[in-house]
Participant: 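The structure is given below, and queries will be raised subsequently.
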Amino acid sequence: MAIPDAQIFPHATGPAERLVAQHQDAQDFVFYAGWVNDRPFPYINPKGLVPVVEYNGKAIYESLVICEFLEDLYPTQKPLLPHEPFRRAIARIWIDFVSKSVIPAFQRLIQAQGAGKQAETREEYNEALRKFAKEVKGPYFLGEDFSLVDVAIAPWIVRDYVIQEHRGFKREDVSEIWVRYADAIEKRKSIVETQSEREHLNEIYGRYLRDEAQSEAAKAIRAGRIIP
């Protein structure tokens with residue numbers, strides 16, 4: 001498999017590496033987070049973004065689309081979306097909020113240069129999280145059951161150590177509800193098992209902190225565009 005950037009560690013580490021090792025048998029459903037069989041991502045994802053999966057040789061992309069595809073693919077597993085139509089719609093509203101408000105605010109903060117801009121974008125991010133936290137119904141967003149809403153926001157919780165260390169972010173500046181919620185998400189077994197060792201992620205996050213990253217998301221933030 002080709003490595004498109006030799007400075008980036010080429011595979012999962014820590015708990016994530018152990019999880020990958022347990023799922024090496026051939027499957028109809030294959031998840032990729034880099035290049036695919038020596039082909040660049042645009043070969044199977046026209047946006048050139050990650051993640052992407054191949055199912056029976058066909059490509060599926062967009063993170064949340066993949067999550068809902070898994071819901072449909074494994075209907076006998078415990079669902080991540082409520083069965084009742086109204087609660088299902090509410091879940092999708094807040095998944096959309098994560099995509100359109102939380103994630104862009106995080107990206108603007110991590111790429112912000114200069115104390116003034118960092119303070120401005122930090123408060124924007126805090127405010128997005130406060131709005132989200134006000135709707136949390138229990139240890140997880142919808143209450144006792146872990147849902148796709150939690151899945152949508154989990155990546156931004158587990159990587160907020162970067163903005164804590166470099167952008168002055170503090171969970172307690174959001175709200176006490178957010179502190180408890182983020183802690184519950186971060187410590188959930190299924191989340192812990194997907195984490196790589198932080199030292200191997202420094203090169204990636206360093207590029208965002210210096211606003212040098214060339215991902216489509218980083219380019220969009222610099223240009224003031226919507227993240228694709």
Side-chain angles (χ1 to χ4, degrees), residues 8 16 33 47-51 61-67 91-136 140-141 147-188 191-192 194-196 198 200-228:
I8 295 178
K47 291 185 177 181
L49 301 173
V50 295
Y61 47 93
E62 299 292 352
S63 298
L64 295 173
V65 172
I66 292 171
C67 288
R92 286 193 168 116
I93 287 171
W94 287 98
I95 291 168
D96 186 66
F97 179 82
V98 172
S99 295
K100 293 180 178 177
S101 296
V102 174
I103 295 173
F106 181 98
Q107 290 296 139
R108 282 190 282 270
L109 175 55
I110 198 172
Q111 292 179 232
Q113 304 298 301
K117 191 64 175 177
Q118 289 170 14
E120 175 187 334
T121 53
R122 185 171 61 244
E123 183 52 32
E124 177 194 4
Y125 186 58
N126 286 347
E127 189 55 37
L129 297 182
R130 286 186 195 111
K131 187 172 182 179
F132 181 93
K134 287 178 181 178
E135 302 300 321
V136 171
Y140 301 121
F141 187 82
S147 75
L148 195 52
V149 185
D150 306 306
V151 172
I153 204 166
W156 315 99
I157 291 174
V158 299
R159 68 187 61 165
D160 73 7
Y161 72 92
V162 179
I163 55 175
Q164 290 185 51
E165 293 175 5
H166 299 281
R167 291 293 184 265
F169 172 76
K170 297 178 182 178
R171 290 179 180 176
E172 54 268 31
D173 288 345
V174 178
S175 70
E176 285 301 315
I177 294 173
W178 177 255
V179 171
R180 292 194 298 271
Y181 173 77
D183 187 65
I185 295 295
E186 190 173 45
K187 291 179 178 177
R188 182 179 168 84
I191 301 297
V192 171
T194 63
Q195 300 307 298
S196 282
R198 290 179 177 179
H200 297 300
L201 305 176
N202 291 340
E203 176 63 31
I204 298 171
Y205 293 136
R207 297 178 187 187
Y208 285 92
L209 290 165
R210 297 187 300 272
D211 199 18
E212 298 171 354
Q214 295 302 309
S215 69
E216 294 304 312
K219 292 176 184 177
I221 291 298
R222 278 195 291 274
R225 302 194 311 267
I226 296 172
I227 297 175

Participant: Verify salt bridge (Lys or Arg N to Asp or Glu O under 4.0 Å) between Arg225 and Glu216, making sure each step is shown before the conclusion.
Facilitator: CA-CA 10 Å; Arg225 302 194 311 267; Glu216 294 304 312; 5.1 Å; no
Participant: Could you label the plane-to-plane angle of the Phe132 and Trp178 rings as parallel, tilted or perpendicular, counting under 30° as parallel and over 60° as perpendicular?
Facilitator: perpendicular
Participant: Find the distance between CZ (Arg222) and CD (Gln107) and round it off to the nearest 0.5 Å.
Facilitator: 10.5 Å
Participant: Taking the side chain as every heavy atom from C-beta outward, state whether Tyr161 and Leu201 have any pair of such atoms under 4.5 Å apart.
Facilitator: yes
Participant: To the nearest 0.5 Å, tell me how far Arg122 CZ sits from Ile110 CD1.
Facilitator: 14.0 Å
Participant: Just wondering, do Val174 and Val179 contact through their side chains at under 4.5 Å, heavy atoms?
Facilitator: no
Participant: At their closest point, which heavy atom of Ala217 faces which heavy atom of Gln111, and how far apart are they?
Facilitator: O-OE1, 4.3 Å
Participant: Checking side chain to side chain contact (heavy atoms under 4.5 Å, CB included) for the pair Gln164/Arg171: CA distance, chi angles, key distance, verdict?
Facilitator: CA-CA 8 Å; Gln164 290 185 51; Arg171 290 179 180 176; 3.9 Å; yes
Participant: Any idea which heavy atoms bring Ile66 and Pro51 closest together, and the distance?
Facilitator: CD1-O, 4.0 Å
Participant: Rounded to the nearest 0.5 Å, how far apart are CG of Asp150 and CD1 of Ile191?
Facilitator: 8.0 Å
Participant: Looking at side-chain heavy atoms only, is the closest gap between Phe97 and Val149 below 4.5 Å?
Facilitator: no
Participant: Minimum heavy-atom separation for Ala182 and Ile157, please, with both atom names.
Facilitator: O-CG2, 3.7 Å
Participant: Could you tell me the separation between the CD1 atom of Ile103 and the CD1 atom of Ile227, rounded to the nearest 0.5 Å?
Facilitator: 7.0 Å
Participant: For residues 105-126, which residue pairs qualify under ring-ring contact (aromatic ring centres under 6.0 Å, His included), counting only residues two or more places apart or in two chains?
Facilitator: Phe106-Tyr125, Phe106-Trp156, Tyr125-Phe169
Participant: Shortest non-hydrogen contact from Cys67 to Leu148?
Facilitator: CB-CD1, 3.3 Å
Participant: Can you tell me if NZ on Lys219 sees more than 12 non-hydrogen neighbours from other groups inside 6.0 Å?
Facilitator: yes
Participant: Rounded to the nearest 0.5 Å, what's the gap from OG on Ser147 to CZ on Phe141? Could you check?
Facilitator: 7.5 Å
Participant: For a 4.5 angstrom cut-off between non-hydrogen side-chain atoms, does Leu209 reach Arg167?
Facilitator: yes
Participant: Please round to the nearest 0.5 Å and tell me the distance separating atom OG of Ser175 and atom CG of Asn126.
Facilitator: 9.5 Å
Participant: One thing to verify: whether Lys131 and Glu127 come together as a salt bridge, which I'm taking to mean a side-chain N less than 4.0 angstrom from a carboxylate O.
Facilitator: no
Participant: With ring-ring contact (aromatic ring centres under 6.0 Å, His included) as the rule and sequence neighbours excluded, what pairs involving residues 204-228 come up?
Facilitator: none
Participant: Please find the pair of heavy atoms, one from Ala152 and one from Val98, that lie closest to each other, and give the distance.
Facilitator: O-CG1, 3.7 Å
Participant: For Arg130 and Glu123, work out which heavy atoms get closest and say how close.
Facilitator: NH1-OE2, 2.7 Å
Participant: If the condition is side-chain hydrogen bond (donor to acceptor under 3.5 Å, both in side chains), which residues does Arg92 pass it with, not counting sequence neighbours?
Facilitator: Glu68
